[in-house]
Engineer: 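Just dropping this structure here.
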Amino acid sequence: MLSIGDLIDKLVIENIKIFSIREKLHDNISDEEHVELTNKMIVLNENRGTISDYLDDKINNVVAGE
């Protein structure tokens with residue numbers, strides 16, 4: 001089981017990846033690259049949501065004393 005710190009670390013890493021892709025999307029890139037990067041960002045956003053949910057659950061369990 002991951003600790004709260006581990007989950008925060010994973011969340012930060014996903015946010016950095018998303019930021020990096022957003023920066024690349026502002027560059028002069030081909031349509032194919034744009035679609036590829038957009039699809040990667042969709043997956044990263046889904047991952048970030050999943051990690052965030054796990055983190056919320058973990059924090060709620062710690063607060064509840066479980």
Side-chain angles (χ1 to χ4, degrees):
M1 178 157 268
L2 297 173
S3 70
I4 291 173
D6 292 334
L7 291 169
I8 291 172
D9 183 52
K10 289 184 178 299
L11 193 58
V12 168
I13 290 169
E14 291 299 303
N15 284 332
I16 291 170
K17 290 177 184 177
I18 290 168
F19 177 80
S20 175
I21 288 178
R22 283 184 181 157
E23 289 291 309
K24 290 176 185 175
L25 285 171
H26 291 297
D27 292 341
N28 191 13
I29 58 175
S30 69
D31 290 342
E32 292 170 352
E33 290 173 310
H34 194 276
V35 169
E36 182 182 330
L37 289 173
T38 300
N39 288 336
K40 284 182 182 180
M41 189 157 44
I42 290 169
V43 171
L44 290 171
N45 275 318
E46 289 172 357
N47 290 345
R48 181 174 61 176
T50 301
I51 294 167
S52 182
D53 290 343
Y54 283 133
L55 181 59
D56 288 345
D57 291 343
K58 181 73 170 185
I59 291 171
N60 288 334
N61 288 341
V62 169
V63 170
E66 298 175 6

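These numbers come from the heavy atoms of this one structure, side chains and all, not from hydrogens, waters or symmetry mates.
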Engineer: Return the NZ to OG1 distance between Lys10 and Thr50, rounded to the nearest 0.5 Å.
Structural biologist: 12.5 Å
Engineer: When you compare the side chain of Val35 with that of Asp31, does any pair of heavy atoms fall below 4.5 Å?
Structural biologist: no
Engineer: Tell me the closest heavy-atom pair linking Glu14 and Leu44, and the distance in Å.
Structural biologist: OE1-CD2, 3.0 Å
Engineer: If you measure from the Lys or Arg side-chain nitrogens to the Asp or Glu carboxylate oxygens, is any gap between Lys40 and Glu36 under 4.0 Å?
Structural biologist: yes
Engineer: Sub-3.5 Å donor-acceptor pair from the side chain of Asn60 to the main-chain atoms of Asp56, do we have one?
Structural biologist: yes
Engineer: If we ignore angles and hydrogens, is there a donor and acceptor under 3.5 Å between the side chains of Asp6 and Ser3?
Structural biologist: yes
Engineer: Compare all side-chain heavy atoms of Leu25 with those of Met41 and state whether any distance is below 4.5 angstrom.
Structural biologist: yes
Engineer: Flag yes if Val43 and Ile18 sit in one hydrophobic cluster, no otherwise; membership is Ile, Leu, Val, Met, Phe, Trp, Tyr, and two members link when side-chain heavy atoms are under 4.5 Å apart.
Structural biologist: no
Engineer: Test of understanding: with side-chain hydrogen bond (donor to acceptor under 3.5 Å, both in side chains), list the residues that count as partners of Asn45, not counting sequence neighbours.
Structural biologist: Arg48
Engineer: Is the shortest side-chain heavy-atom distance between Asp27 and Glu23 below 4.5 Å?
Structural biologist: no
Engineer: In the hydrophobic clustering that connects Ile, Leu, Val, Met, Phe, Trp and Tyr at side-chain heavy-atom distances below 4.5 Å, which members other than Val63 occupy its cluster, ordered by chain and number?
Structural biologist: Leu2, Ile4, Leu7, Ile8, Leu11, Val12, Ile16, Ile51, Tyr54, Leu55, Ile59, Val62
